[in-house]
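First up is the structure itself, then whatever we jot down about it.
Chain identifiers are assigned alphabetically (A, B, ...) following the order of the sequence lines, protein sequences preceding nucleic acid strands; residue numbering begins at 1 within each chain.
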Amino acid sequence: MNYWLMKSEPEEFSIDTLKKIPNQTEPWDGIRNYQARNFIRDEMKPGDLAFFYHSNCEQPGIVGIMKIASKPRPDHTAFDLQDKHYDPKSDPDNPRWFLVDVKFKRKFKRVISLSELREQIRLQDFKLLQKGNRLSVMPVTKKEWEYILSLE
DNA sequence: GCCAACGTTGGC
DNA sequence: GCCAACGTTGGC
């Protein structure tokens, strides 16, 4: 089983929104970065767990946990002219972009903020904290996962 | 293939 | 709103 971290701007889609959806499951669409796409398409499996990270907001940080709830499949929003993530270069017969469903698991009692994560000597190698990192989907090691959980 | 210009991400 | 650090695009 793999562990992940997935970013979303809470004004676009927050963990509270995911929690409120009737079956608490939603396609994680709109990923338009090849490295992130490769993680989704080639490595994500149903049952994997992911941190939900709120970015570009008042308090950036990890806010809870979700579960990967489907196999990877083509991101249909790339084919939708009306969609903000429309990409004419993604051919339905040879899709460029992929997504998985995510299912709400739990929300942390508090935000484990980016600044707090940066203070952790044991997270020095954590991908999220590397200079210039802009990946919106990234792997988390088991050690990192467990250590971050211990901070809650 | 190089690289300048441009667009995006995301912290602050 | 600013801007650093990318990633992408397209002319050559």
Under 4.0 Å between a Lys/Arg side-chain N and an Asp/Glu carboxylate O for A:Arg110 and A:Glu116? yes

Look at A:Tyr53 and B:dG11 and indicate whether a side-chain polar atom (N or O) is within less than 4.0 Å of OP1 or OP2. yes

Ignoring the backbone of A:Arg134, work out which of B:dG11, C:dC6, B:dG10 is nearest its side chain. C:dC6

Which nucleotide wins on minimum distance to the side chain of A:Tyr34, given the candidates C:dT8, B:dG10, B:dC12? C:dT8

Ion pair check, A:Asp42 and A:Arg37, cut-off under 4.0 Å: no

What's the CZ-P distance between A:Arg37 and C:dT8, to the nearest Å? 10 Å

A:Lys127 NZ to C:dA5 C1', in whole Å, measures 16 Å

Atom CG of A:Asp87 and atom P of B:dG7: how far apart are they, to the nearest Å? 16 Å

With a 4.0 Å cut-off on N to O distance, would you call A:Glu152 and A:Arg106 a salt bridge? yes

Which nucleotide in the list C:dG7, B:dC12, C:dT9 gets nearest to the side chain of A:Asn33? C:dG7

CA sep, side-chain torsions, deciding dist, call: A:Trp97, A:Tyr34, ring pair (Phe, Tyr, Trp, His ring centres under 6.0 Å): CA-CA 8 Å; A:Trp97 306 116; A:Tyr34 289 105; 4.8 Å; yes

Quickly work out the A:Glu12 CD to B:dT9 C1' distance and round it to whole Å. 13 Å

Mind running ring pair (Phe, Tyr, Trp, His ring centres under 6.0 Å) on A:Trp28 and A:Phe52 for me, showing each step along the way? CA-CA 11 Å; A:Trp28 195 271; A:Phe52 197 131; 5.3 Å; yes

A:Asn56 vs A:Asn133, nearer the 5' end of DNA chain C by closest nucleotide: A:Asn56

Roughly how many Å is it from CD1 in A:Ile31 to C1' in B:dT8, rounded to a whole number? 13 Å

Could you state the NZ-P distance from A:Lys131 to C:dC3, rounded to the nearest angstrom? 17 Å

Options C:dT8, B:dG10, C:dA5, nucleotide nearest the side-chain atoms of A:Ser55: B:dG10

Check whether any side-chain nitrogen or oxygen of A:Lys7 sits under 4.0 Å from OP1 or OP2 of B:dG10, and answer yes or no. yes

Take atom CH2 of A:Trp97 and atom P of C:dG7, then tell me their distance rounded to the nearest Å. 13 Å

Take the protein atom CD of A:Gln130 and the nucleotide atom P of C:dA5, then report the distance between them rounded to whole Å. 14 Å

